[in-house]
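Structure record follows, encoded as structure tokens.
Note that this is a predicted model, so its numbers are computed, not measured.
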Amino acid sequence: ETASRLQRLIDTAREGIWMLDELGRTTFANPRMAEILGREPGEMIGRPMADFMPEEQIGKAAAQFERWRAGISEDRDCELLRRDGSAVWTLLSAARAAWQGWSPC
């Protein structure tokens, strides 16, 4: 029951939810996150976050990712790329997941 409710919450959230592993590869994207990027959630799995960013943003993102891995939670503006190549600016609010390894499926 609880897992089912949690899954519904994640699937219907108006915010994008994007989980990465310790190497920055996508392990989960909810439908809204995929929609923001003009993709399907399954297309994102296994791909690094850098695949969805303009080249000039990757260095900044790598430094930020290291801060998140160290447990520093903070928000930042981030430019991402949609499937069609158009830019979308987002506010990333990221934190190291206390429940790493959790799977919504």
Side-chain angles (χ1 to χ4, degrees):
E1 177 69 33
T2 300
S4 174
R5 285 187 293 175
L6 182 57
Q7 184 65 53
R8 270 196 323 271
L9 176 68
I10 291 168
D11 287 345
T12 61
R14 293 181 51 173
E15 294 79 21
I17 300 171
W18 195 351
M19 294 179 73
L20 307 171
D21 67 12
E22 64 280 354
L23 298 176
R25 295 176 303 217
T26 304
T27 59
F28 176 80
N30 75 337
R32 179 63 180 135
M33 187 68 240
E35 178 186 358
I36 289 168
L37 297 178
R39 299 182 177 273
E40 294 294 324
E43 293 177 68
M44 297 175 68
I45 303 302
R47 294 179 60 187
M49 187 177 189
D51 282 1
F52 307 99
M53 307 180 96
E55 207 169 305
E56 62 273 8
Q57 290 286 326
I58 294 172
K60 288 183 205 175
Q64 185 68 51
F65 185 73
E66 288 305 315
R67 293 174 58 78
W68 292 330
R69 280 183 52 182
I72 300 168
S73 299
E74 50 193 15
D75 301 341
R76 81 173 193 84
D77 292 325
C78 181
E79 183 180 11
L80 299 173
L81 294 176
R82 297 173 197 231
R83 176 197 303 275
D84 66 8
S86 63
V88 58
W89 281 93
T90 63
L91 175 63
L92 292 182
S93 181
R96 185 178 183 112
W99 30 275
Q100 287 182 347
W102 174 81
S103 171
C105 300

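Note: the hydrophobic cluster containing F65 does not contain L81 (ILVMFWY, side chain heavy atoms under 4.5 Å, direct or indirect links). Linking Ile, Leu, Val, Met, Phe, Trp and Tyr whenever their side-chain heavy atoms come within less than 4.5 Å leaves M49 and I45 in two separate clusters.
Put simply, the side chain of Q57 never gets that close to the backbone of P54: no donor and acceptor are under 3.5 Å apart.
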Run the side-chain contact (heavy atoms from CB on, under 4.5 Å) check on T26 and L20 step by step: do they pass?
CA-CA 4 Å; T26 304; L20 307 171; 3.9 Å; yes

Identify all side-chain donor-acceptor contacts of residues 10-17 below 3.5 Å with residues at least two apart in sequence or on another chain.
{"from": "D11", "atom 1": "OD1", "to": "Q7", "atom 2": "NE2", "distance (Å)": "2.8"}
{"from": "D11", "atom 1": "OD2", "to": "Q7", "atom 2": "NE2", "distance (Å)": "3.0"}
{"from": "T12", "atom 1": "OG1", "to": "R8", "atom 2": "O", "distance (Å)": "2.7"}

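For the side chain to side chain contact (heavy atoms under 4.5 Å, CB included) test, residues two or more places apart in sequence or in another chain that qualify with E74 are Q64, R67, W68, I72.
In this structure, CE on M19 lies 5.0 Å from OG1 on T27, to the nearest 0.5 angstrom. Note that CZ of R83 and CZ of F52 are 9.5 Å apart. Values are rounded to the nearest 0.5 Å. For the atom pair CG (L6) and CD (E1), the distance works out to 11.5 Å, reported to the nearest 0.5 Å. Atom CE in M44 sits 14.5 Å away from atom CZ in R25 (nearest 0.5 Å).
Between I36 and W18 the shortest side-chain heavy-atom distance does not fall below 4.5 Å. Counting only heavy atoms from C-beta outward, the side chains of L80 and M33 approach each other to under 4.5 Å.
When every heavy atom of A34 is checked against every heavy atom of P41, the shortest pair comes out as CB-N, 3.4 Å. Taking every heavy atom of both residues into account, C78 and M53 meet most closely at SG-CE, 3.3 Å.
Crowding of E55 atom CD: a count of heavy atoms from other residues, nucleotides or ligands under 6.0 Å not exceeding 12.
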